[in-house]
Amino acid sequence: MALTREQMAQRVARELQDGYYVNLGIGIPTLVANYIPKGMTVMLQSENGLLGMGPFPTEAELDADLINAGKQTVTAITGASYFSSADSFAMIRGGHVDFTVLGAFEVDIEGNIASYMIPGKMVKGMGGAMDLVAGAANIIVTMTHASKHGESKLLTRCSLPLTGAGCIKKVVTDLAYVEIREGKFWLKERAPGVSVDEIVRLTEGKMVIPDVVPEMEF
Amino acid sequence: MALTREQMAQRVARELQDGYYVNLGIGIPTLVANYIPKGMTVMLQSENGLLGMGPFPTEAELDADLINAGKQTVTAITGASYFSSADSFAMIRGGHVDFTVLGAFEVDIEGNIASYMIPGKMVKGMGGAMDLVAGAANIIVTMTHASKHGESKLLTRCSLPLTGAGCIKKVVTDLAYVEIREGKFWLKERAPGVSVDEIVRLTEGKMVIPDVVPEMEF
Amino acid sequence: MAGFDKVVKNYDEALAGLQDGMTVIAGGFGLCGIPEGLIAQIRKMGTRDLTFVSNNCGVDDFGLGVLLAGKQIRKMVSSYVGENKLFEEQLLAGELEVELVPQGTLAEKMRAGGAGIPAFFTATGYGTLVGEGKEVREFDGRHYIMERSIVGDFAIVKAWKGDRYGNLVYRNTARNFNPMAATAGKITVVEVEEIVEPGELDPNEIHTPGIYVNRLIQGSFEKRIERRTLRAD
Amino acid sequence: MAGFDKVVKNYDEALAGLQDGMTVIAGGFGLCGIPEGLIAQIRKMGTRDLTFVSNNCGVDDFGLGVLLAGKQIRKMVSSYVGENKLFEEQLLAGELEVELVPQGTLAEKMRAGGAGIPAFFTATGYGTLVGEGKEVREFDGRHYIMERSIVGDFAIVKAWKGDRYGNLVYRNTARNFNPMAATAGKITVVEVEEIVEPGELDPNEIHTPGIYVNRLIQGSFEKRIERRTLRAD
């Protein structure tokens with residue numbers, strides 16, 4: 001069975017380490033915050049200018065001056081700090097954020113990522129995504145393996161305009177955990193009950209398949 | 001009579017305007033703070049990271065964490081602010097300081113300035129002087145017109161390594177107030193009792209002399 | 001210290017000199033930390049053909065969106081737009097131009113503009129549409145593109161507290177683009193929630209020194225929330 | 001939040017991993033805001049052939065000057081040196097190399113290093129010895145030179161207060177180069193006058209967020225004054 005959004009977030013969360021500073025994109029990446037392993041703490045960075053982002057507020061905590069990068073109202077944890085957007089992206093561009101999780105439309109065997117623009121549709125902009133993919137040494141993309149129509153999103157060459165070139169090394173899809181290096185996808189794990197054949201069928205780019213592909217456990 | 005150091009500072013101070021943010025170099029420029037015209041206020045910037053520098057401290061006010069760019073203990077006025085050296089030079093380089101006063105060894109008809117290095121002597125460094133001359137739109141140099149041996153410091157071409165190229169437009173010496181433009185010195189005022197002939201004799205670079213050269217009044 | 005009193009009497013004075021065709025740098029992220037009264041004043045003035053440098057363009061009836069309603073904006077330089085329908089309509093009708101800039105590059109372009117740095121290199125956007133036509137340079141084995149700085153004829157800024165000398169502090173994530181915007185305007189106009197006397201702000205805690213501020217006005221703020229999100233308990 | 005507790009037990013732990021030949025970025029201006037205990041620890045460790053990036057090099061018996069005494073410094077990258085005799089002696093003897101960098105350019109090189117900007121353009125130094133051998137570019141009719149950023153193997157920083165997560169505040173002009181140094185070290189070690197608990201520092205007033213800090217230690221400081229200057233009254 002393909003992973004649920006929650007399971008995808010859960011799988012991504014296993015890549016976390018204690019003491020990581022983490023930036024989570026909108027969508028599935030946001031859910032990762034719900035699956036931080038026990039006994040481990042991470043600190044969330046919000047690129048509009050907050051380190052130490054907390055949960056959504058209660059009615060009483062609601063503060064128009066305290067939002068996240070998705071423009072939702074949030075809170076700040078004890079020990080948080082606020083800073084300007086220039087300082088925030090200095091932090092990101094300078095590689096100080098340990099771990100970044102982003103959604104995408106497509107990735108390819110060269111580590112390219114397309115995530116912000118579909119030609120013909122209204123272009124809303126890249127926001128901070130281009131800065132995040134260029135700045136993060138340790139970045140993981142999470143998205144469905146293929147579209148609803150069965151078109152692979154793991155490609156030889158991204159078809160959509162790129163968000164970043166050669167920057168993605170790890171992908172968690174609803175079917176598999178895949179690494180990218182040497183111009184190939186490397187299948188590392190599969191979703192419970194999903195066959196290697198199905199993954200291969202839904203992967204357009206060249207993929208290396210080891211003899212044993214462990215099933216993820218939840 | 002040649003101007004005293006105090007009179008040179010006094011003449012420079014006449015260029016101030018109410019509300020100016022001002023950076024004063026070490027030496028005669030520092031004395032300018034003593035001659036701010038009545039009814040006028042200026043705010044002093046110290047490039048190590050202070051806007052709103054006050055006078056030297058009393059024994060009771062002495063604070064090792066509060067020094068000026070010359071490393072002397074100082075005070076801060078009400079309404080001052082502290083910032084990093086990067087922010088301080090962003091302010092300077094960005095042209096936000098209204099008025100800068102610096103000493104020099106030499107200036108020339110192209111507005112070049114040499115002020116930090118005498119070859120053969122130990123080189124101590126330029127500190128913030130190169131940033132200050134490059135960043136200030138409104139800068140005035142104050143120095144003696146000639147060396148003790150009668151060698152002019154207003155030259156056709158600076159003989160010493162430059163602090164900045166083409167950035168000086170105004171010079172107050174002990175003999176004269178001179179402007180620099182169009183590759184020439186323009187004599188604007190002379191020290192009381194100093195003849196135009198003496199100024200011309202001690203000026204090596206080409207100088208334009210108007211029919212009337214008013215005497216400075218003190 | 002009369003020469004340093006930046007407080008102006010009213011909004012007319014705050015934006016005096018703003019003319020058709022000018023470039024305005026605006027602080028704010030979404031609807032958070034935006035200079036509401038200054039935007040309203042530009043709406044009232046009817047100034048046209050403006051270029052706005054701002055991370056976003058508000059929503060239909062709030063933030064910079066109200067200037068779209070007045071067809072006052074010719075060009076937006078932003079990282080993310082289209083939270084409002086007018087924007088899309090005017091863009092498709094060719095009445096509005098948009099230049100998309102990555103968020104961090106936009107922040108840095110403003111910072112560089114204020115800091116006298118005409119251009120810098122960044123890896124952000126290399127190999128993408130953003131890098132097209134820009135100079136590419138390799139440093140230590142990695143590719144970077146050259147980005148130019150931005151300076152505005154005016155900057156409009158929202159701060160929490162400001163003293164009469166123009167020293168500013170911002171509150172929480174309402175800081176966002178405001179400190180860089182404040183440095184990058186030839187004329188910087190700041191709207192604050194509270195004007196205080198010099199000395200009331202700790203000199204160690206000032207986010208924007210008064211040297212960057214030309215005019216200061218006390219505003220009143222709706223502080224509309226774009227995405228009110230609560231947790232259950 | 002054990003993973004974020006940056007406090008180390010002693011100076012050995014604070015500078016563990018510092019090796020001969022490394023580059024160290026140091027905060028401080030003159031003797032103001034210098035990490036006294038960390039410098040003493042390097043003296044004690046006897047690490048050699050170090051490159052120091054620091055605005056100044058202390059005086060003979062204080063600040064980085066004590067490392068000259070131990071002949072531990074191979075190269076200084078500074079804007080102003082020579083407040084001590086040892087510096088001149090070692091320079092003339094060819095035991096020490098110096099690279100002079102304008103003060104504002106030095107600050108910006110550190111800031112750029114921390115911010116992932118490999119190079120930037122500045123007018124500072126154009127047409128001078130500083131500009132020699134550097135790329136010159138004209139923007140809007142003015143000449144600029146390209147300067148590269150600086151990153152250190154270690155950064156040693158002095159702050160006023162720091163919480164366990166490494167959030168820092170500096171006091172008065174002791175801030176100087178410390179905030180940029182803090183961002184530009186692969187390993188950033190900070191010595192503070194007082195360690196406080198997370199939450200004691202107002203999140204709006206933190207100068208350096210803890211993300212930049214790897215190790216934090218409480219020091220005791222002499223805070224020697226280089227030029228004690230008093231007014232008469």
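Within every chain, numbering begins at 1; the chains are lettered A, B, ... in the order of the sequence lines, protein sequences first and strands thereafter.
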Original post:
Would you say the side chains of C/T51 and C/R74 form a donor-acceptor pair under 3.5 Å?
Top reply: yes
query = Is the shortest side-chain N to carboxylate O distance from C/E135 to C/R148 below 4.0 Å?
reply = no
If one checks every heavy atom of A/L62 against chain C at 4.5 Å, the contacting part turns out to be side chain
Applying side chain to side chain donor-acceptor pair (under 3.5 Å) to C/T128 and not counting sequence neighbours gives none
Could you tell me whether a side-chain N or O of A/Q7 sits under 3.5 Å from a main-chain N or O of A/T4, the two making a donor and an acceptor? yes
Bottom line for C/N56: the part with an atom under 4.5 Å from chain A's heavy atoms is side chain
Cut-off 4.5 Å, heavy atoms of chain A, and the answer for C/I225 is side chain
Checked A/G70, A/A114, A/S88 vs chain C; the most non-hydrogen pairs under 4.5 Å come from A/G70
Taking the inter-plane angle between the rings of C/F121 and C/F139 on a 0 to 90° scale, is it parallel (under 30°), tilted (30 to 60°) or perpendicular (over 60°)? perpendicular
*Does C/N172 reach the main-chain N or O of C/A174 with its side chain, forming a donor-acceptor pair under 3.5 Å?*
no
So, the part of C/V98 with a heavy atom under 4.5 Å from chain A: the answer is neither
Interface check, chain C: of A/L132, A/D87, A/N48, most non-hydrogen pairs under 4.5 Å belong to A/N48
Pair count under 4.5 Å, heavy atoms only, with chain A: among C/R224, C/E88, C/E83, highest is C/E88
Within residues 156-168 of chain A, contacts to chain C at heavy-atom distances under 4.5 Å involve A/P161, A/L162, A/T163, A/G164, A/A165
Most heavy-atom pairs under 4.5 Å with chain C, out of A/G127, A/A129, A/G135, belong to A/G127
Of A/V101, A/V97, A/N23, A/L102, the one forming a side-chain contact (heavy atoms from CB on, under 4.5 Å) with A/I139 is A/L102
Whether the A/T41 and A/D18 side chains hold a donor-acceptor pair (N or O, under 3.5 Å, no angle test) is what I'd like checked.
yes
(message) Would you say that C/E226 contacts A/I67 through its side chain, given a criterion of any heavy-atom pair below 4.5 Å between the two side chains?
(response) no
The interface call for C/F221 against chain A, heavy-atom contacts under 4.5 Å, is neither
If only atom types and distance count, is the side chain of C/E36 paired as donor or acceptor with the main-chain N or O of C/E222 below 3.5 Å? yes
Of the listed C/L92, C/V130, C/L230, C/T122, the one with the largest count of heavy-atom pairs under 4.5 Å with chain A is C/L230
Of the listed A/A80, A/A69, A/G49, A/A86, the one with the largest count of heavy-atom pairs under 4.5 Å with chain C is A/A86
So the ring-ring contact (aromatic ring centres under 6.0 Å, His included) pairs with at least one residue in residues 32-88 of chain A (sequence neighbours excluded) are none
If you tally heavy-atom pairs under 4.5 Å between each of C/N178, C/N55, C/L106, C/V101 and chain A, the highest tally belongs to C/V101
Anything under 3.5 Å between a donor and an acceptor, one on a side chain of residues 156-163 of chain C, the other on a protein residue two or more places apart or in another chain? List them.
residue : atom : partner : partner atom : Å
C/K158  : NZ   : C/E193  : OE2          : 2.5
C/D163  : OD1  : C/Y165  : N            : 2.9
C/D163  : OD1  : C/G166  : N            : 3.1
C/D163  : OD1  : C/N167  : N            : 3.1
C/D163  : OD1  : C/N167  : ND2          : 3.4
C/D163  : OD2  : C/N167  : ND2          : 3.0

The interface call for C/L91 against chain A, heavy-atom contacts under 4.5 Å, is side chain
So, the part of A/E47 with a heavy atom under 4.5 Å from chain C: the answer is both
Heavy-atom check, side chain of C/T105 versus side chain of A/D131, under 4.5 Å
yes
Counting heavy-atom pairs under 4.5 Å with chain A, the top scorer among C/E108, C/H207, C/H143, C/K109 is C/E108
Applying a strict 4.5 Å limit to non-hydrogen atoms, the region of A/V123 in contact with chain C is both
| query | Do A/S84 and C/Y170 have side-chain N/O donor and acceptor atoms under 3.5 Å apart? | reply | no
Residue from C/C32, C/G125, C/G127, C/G131 scoring the most non-hydrogen pairs under 4.5 Å with chain A is C/C32
